[in-house]
Structures are given as structure tokens and as C-alpha cells.
Amino acid sequence: MSAYTLTRLRQPSPRDLLNIDLDHLSDDLMFRMTGTLEQNFKSVLRRNKAGGVDRIARTADFTTKIRQAVVSQSRYHIEG
């Protein structure tokens, strides 16, 4: 999630990850990312209670939803 947020790329390459400025990973940004994660997780859990918490978190669909939510949110503005 941090990689998607800090690179603003849907598929960051290893080179993109090496160029991340960790100073941008502030407490405020972490709080906002956690909120996005929680919101999406609760949404999936409401639709699939039988799936279980751990099983849902490990699915490719959930990972894709998180990536899309992070990439599409303009509220993750990071000063360059």
C-alpha cells in the first residue's frame, strides 16, 4: 500500500521502489492509508462474512481493490 501511495504507480518497478523518499511516509499519511485499508476491508467483510478476516486479506481481489483505492485517491497528495 505504501509503495502505491508513494510512487503513485499502479505497478511500481523495483527501480521505482528504490527511488521512494521515505521522508514522505509521515504519521499523517500512514493514518490516512490505514483509514482507506479499514474502509475497504469492512466493505469486503460485510459482503463476505463467511470468508473470514485472514482469508479475505490474502485474496488477490482484495489486494487489487486496495491498490485501486490508493492510486485513485487524490487525498494522498505528497509534497515533492
Side-chain angles (χ1 to χ4, degrees):
M1 186 170 186
S2 299
Y4 303 132
T5 300
L6 295 170
T7 63
R8 297 184 187 115
L9 300 171
R10 292 182 190 278
Q11 298 292 331
S13 70
R15 182 177 203 96
D16 296 322
L17 298 176
L18 286 172
N19 289 324
I20 290 175
D21 183 353
L22 294 179
D23 290 336
H24 291 152
L25 199 55
S26 65
D27 288 343
D28 180 57
L29 184 59
M30 292 295 289
F31 181 76
R32 289 184 284 154
M33 287 191 300
T34 303
T36 299
L37 183 62
E38 180 179 20
Q39 179 183 22
N40 280 275
F41 189 76
K42 285 181 179 179
S43 173
V44 172
L45 190 58
R46 276 193 298 272
R47 290 190 307 263
N48 185 9
K49 292 184 180 180
V53 172
D54 192 47
R55 191 172 294 157
I56 290 170
R58 293 174 188 244
T59 64
D61 288 340
F62 182 70
T63 302
T64 300
K65 284 178 94 54
I66 292 299
R67 183 184 69 226
Q68 289 171 343
V70 169
V71 170
S72 69
Q73 291 190 11
S74 61
R75 70 181 179 160
Y76 290 134
H77 179 73
I78 300 169
E79 294 298 325

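Index from 1, following the sequence.
Counting heavy atoms from C-beta outward, M1 and T36 have side chains that approach closer than 4.5 Å.
A donor-acceptor contact under 3.5 angstrom links the side chains of D16 and S13, judged on distance only.
Every residue two or more places apart in sequence or in another chain was checked for a ring-ring contact (aromatic ring centres under 6.0 Å, His included) with Y4, and none qualifies.
A continuous path of hydrophobic side-chain contacts links L17 to M30 [ILVMFWY only; heavy atoms under 4.5 Å].
The CZ atom of F62 sits 5.0 Å away from atom CG of L37, with the distance rounded to the nearest 0.5 Å. Atom-to-atom distance recorded for L22:CG and L6:CG is 7.5 Å, nearest 0.5 angstrom. The CZ atom of R32 lies 11.5 Å from the CG atom of D27; values are rounded to the nearest 0.5 Å. Taken to the nearest 0.5 Å, the CG atom of D21 stands 13.0 Å off from the OG1 atom of T7.
Taking all atoms of both residues into account, the shortest heavy-atom contact from T5 to M33 is OG1-SD, 3.1 Å.
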